[in-house]
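In what follows, chains are A, B, ... by sequence order, proteins preceding strands, each numbered from 1. As a basis for the values below, the full set of heavy atoms in this structure was taken, side chains included, without hydrogen atoms, waters or symmetry mates. Predicted model only: the values in this text are computed from it and were never measured.
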Amino acid sequence: MPTTEKKYDALIIGGGHNGLVNGAYLAKGGLKTLIIERRHLVGGAAITEELYPGFNFTTFSYALSLLRPDIIQDLDLVKHGLMVLNMPSTLAPMENGDHLYLGTDHHANYHAIARHSKKDAEAYDDYKTMVNKVCQAVKPLFDQIPPNLFSEEPEEVARLAAVGSHLRGLEPKTLHMLTRFLTGSAAEILDDYFESDIIKGLFSSSSIIGSKVGPRSQGSGLVLLFHKMGEVDGAFGDWGFHKGGNGGFTQVLARSARSFGAEITLNAGVSNVITKNGEAIGVALENGDEIYADIVVSALDPRRTFLQLVEPRELPTDLVDGIRNYKFQGVSAKVNFALDDLPEYPALPGRKDIYRGFLNIGPSIDYIERAFDEAKYGDFSRRPYIDACIQSTLDPDMTPPGKHVMSCFVQYCPYKLKDSTWDIERDNLGDTVQKTMESFFPNFSDLILHREVVTPLDIERTVGLSEGNIFAGEFLAPQMYFFRPAPGWNQYRTPIKGYYQCGSGTHPGGCVIGGPGKLASQQILGDLKRE
Amino acid sequence: MVKTTPFYPRTGPLNQTMLWEHWAGYLVAQKYQYSDTFEYYAIRNSVGLFDTSPLFKYRVKGPDATKFLSGVLARDIRICPPGHAQYTIWCNDKGWILEDGVALHITEDEYWLTAAEPNLGYFSHLIGYDKVTITDISEEYGILALQGPHALDVLGQLSEAVRKLKYFDLIRTKIAEKSVIVSRTGYTGDLGYEVWVGEEDAVTIWDAIMEAGDGYNITPFGQKVLHMARIDAGLALIDIEYRTARHAWTDEQRSSPIELGFGWMFRKLKKDDRAFIGRQAIEKEIAEKSSRWKLVGLEVDWQSYEKMYNDLGMIAPKDHTPIEEAMSVYNDDRVWIGHTTSFMFSTILKKHIAMAKVEPAMSAHGTEVLVELIINNRPRAVRAKVVKMPFFNPARKTEHI
């Protein structure tokens, strides 16, 4: 006979990175907290798995940058083993066999770009300064609970006024560029600064990650800016690889959460939130158990949070409609390889040091746009954009000595295929990626010991992200800030008292970022204080 | 013409940046590649390789070697049996520190000692009737430091014997059929080993280690990264945390071992009857609590630091490059209470940290202080607090593996 005895103050549905961050903050804030994870391991889409003996794969997410720096401090993550290895370079191969190789040295980068265009090499500094200024302008908005545009509460009016006054304080050019990023295309901005295809191809690649846009689509500017908000040791736009992959990172989060007193239960799927008189009082597990608490937080995406964990009939119609129309449209896949050795790039023979960062297969805006074209009509790209990294070059513990793991992030792979299914196309996608890699690295196929193909359908099935969208909802202007995930519900609360949301479908958004988990905890702890 | 170390035939071509420094008259790499942090994380995540050959090296040999050194070195060398090494210091008769180094007890009557400065004359002049000789072997040996969690995975392939080394143990063994001495020591605060090799065999040893380390991403690292690692590890460095009393002009420039935090070396002084140089002054300082300074760790308050820059309309820089010079330290009333010796953004700790000399009254852990930074050419104060050193201290450094 289930008892309604309350054992916890707060339950968090989903042990992805935002659930863990939220749980750690709530426990730190004094709440008796339980994080409930459906799978056998925490991390959600930020996991590392030994899918081939001795080889550890970052099955889904594969690098770190957007993680909010204050979380590292607040949650003592260094003490629990945080180790972010800077990814020091990007190699962008070209279809004519040439390449662009950028590293950490300012002047070396000048000369690397100048090989392709002296004008672009000079413009690179102007571009970086401009992007840094825009990022600095966005940062305070990024790291605070956004205002509720539709509330008359004095606190919300003041919050909105603060945003207005922050924007008025910006240089006119910075505010104008910010607007262009938020509403325009990446290609338009890059065209203003650069002339060479390889530069524009490389720099536009961040504008399409995880999103059903091409660099020339309106909206790609926002995706580009979002990715520039990341940093490693204060440098905007830098990326790192966590020791042991993002699974290593979420294990750090789990240790931190436990150190503050949070409990984590694994292999426990939540079937629904239990409500009583319009208030959340606990959750029912798939095995029939019920757990009770005053606060229930969903770290799942908005579709699951509003349409599956609770009954839509308990919610306002506008909200239900808003969530039904909230766009997921996953377009990203992963193909992960175990390699016997490092590949060879013919123009840089014998160079092993070029693989420590990203390999960017997207040599021009045209290349990426063509890859996008196929996706528009429901097919996957036959010559895809690929963001690859060979992570064992940074962390030898990913593989047996001398062997390598390579993560390939692939676009575009639309969740809904027009004439086929992903169960049929899985191997075709793997072959396509392999063939594309081989067109740049001729010995690539000879090196493969093992291959794992992760389609958008696999992402949805394994991790639970609707339509395999890696951001738990697309980065479209009408789905951000005031409207993430729905008008009036952008402050982590829901219409059901005691029921909150903390997943990447809330502000500031996706990537391994922690911001939603952190800001939601501020709202929850603030609400408890106000009561 | 600057001298090169026995490993230079290999280190030379590996330096992609061509940035070199002079260390004790030798050419050494400041860094090998553009990314400092890539070199740095070799030490914390895989294995890094550092050419530490420019150290001065002395062989102290004879039936009275132990007796001689126990009177010359301030730390009791008699507790260091053959097959062990000891971190040590030596002082002048006023109790001011001259230098620090590592003594390797090779056999019953033989020690090898490292030093940052020439000391042949200094030590030789202290020999009276003791049966001991001192030889400068600086140019006869190269030293390679292998530092990082995979150091033993690499070295263990080349010599089974090194696997049993505990922290500060040493052993004479063979690598690639060449005779070497391996000690479990280093200057990075991580698991690490140092390999002493005859200069004629240096390149052979380098090649063997690089080959064995290939699967572990073995990475040569330069001076800059060594300094980043030693600050994390809270290790004092001559000419930065202290000046040798030999060449100082005034006592203000001199330091006592107690002031530098080496008081732990003298905990058993009452049971120890050695008449070592500086003993009386050190005993007096301990008894009278007359230390003027205490070397402490500082951790900068990250919010105070970020806010200071943001208020100025700037992005707060997080620079890994150590600033190894004095920045003033104040108490809350803005009274000067000391100065930093080393300051940097620690990439592994994600915080600005500093080693600093402060008044003993301000040295307790948790004490809040202000550190003066120069921003836009103006001094500004950022909050910091006294914390325990080492800042970074992984268990693998000392534990049996």
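Contact annotation for A:Asp70: both backbone and side-chain heavy atoms come within less than 4.5 Å of a heavy atom of chain B. Of the atoms belonging to A:Lys139, it is side-chain heavy atoms, and not backbone ones, that fall under 4.5 Å from chain B. Interface remark: B:Ser46 contributes backbone and side-chain atoms alike to the contact with chain A (heavy atom separation under 4.5 Å). Both the backbone and the side chain of B:Tyr216 come within contact range of chain A, with heavy atoms under 4.5 Å apart. Only the backbone of A:Ser392 comes within less than 4.5 Å of a heavy atom in chain B; its side chain stays farther off.
Scanning both residues, A:Pro396 and B:His150, for their nearest heavy atoms gives CG-CD2, 3.9 Å. Considering every non-hydrogen atom in both A:Leu394 and B:Phe38, the closest pair reads CD2-CE1, 3.7 Å. Of all the heavy atoms in A:Asp233 and B:Lys318, the pair that sits closest is O-CB, 3.2 Å. B:Met314 and A:Gln136 get closest at one heavy-atom pair: O-NE2, 3.2 Å. Contact record, B:Leu349 with A:Val78: O-CG2, 3.4 Å, taken as the closest heavy-atom pair.
Going from atom CG of A:Asp105 over to atom CG of B:Asp36 covers 10.0 Å, rounded to the nearest 0.5 Å. Separating the CD1 atom in A:Ile72 from the CH2 atom in B:Trp302 is a distance of 9.5 Å, to the nearest 0.5 Å. With rounding to the nearest 0.5 Å, the separation of OG1 in B:Thr347 from CG in A:Leu85 is 9.0 Å.
Residues B:Asp214 and A:Lys352 meet the side-chain proximity criterion, which asks for heavy atoms closer than 4.5 Å. B:Glu306 places none of its side-chain heavy atoms less than 4.5 Å from the side chain of A:Gln73.
No more than 12 heavy atoms of other residues, nucleotides or ligands sit less than 6.0 Å from atom NE2 of A:His176. Within 6.0 Å of the CD atom in A:Glu50, the count of heavy atoms belonging to other residues, nucleotides or ligands exceeds 12. Open room surrounds NZ on A:Lys133; 12 or fewer heavy atoms of other groups in view lie less than 6.0 Å from it.
The closest donor-acceptor contact from the side chain of A:Asp395 to the backbone of B:Asn45 lies at 3.5 Å or more, if one exists at all.
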Problem set entry | side chain to side chain contact (heavy atoms under 4.5 Å, CB included) between A:Leu77 and B:Lys350, intermediate numbers included | CA-CA 10 Å; A:Leu77 297 188; B:Lys350 301 292 175 227; over 6 Å; no
Exercise. Could you walk me through whether A:Lys243 and B:Tyr41 pass the side chain to side chain contact (heavy atoms under 4.5 Å, CB included) check?
Worked result: CA-CA 10 Å; A:Lys243 176 85 180 160; B:Tyr41 280 109; over 6 Å; no
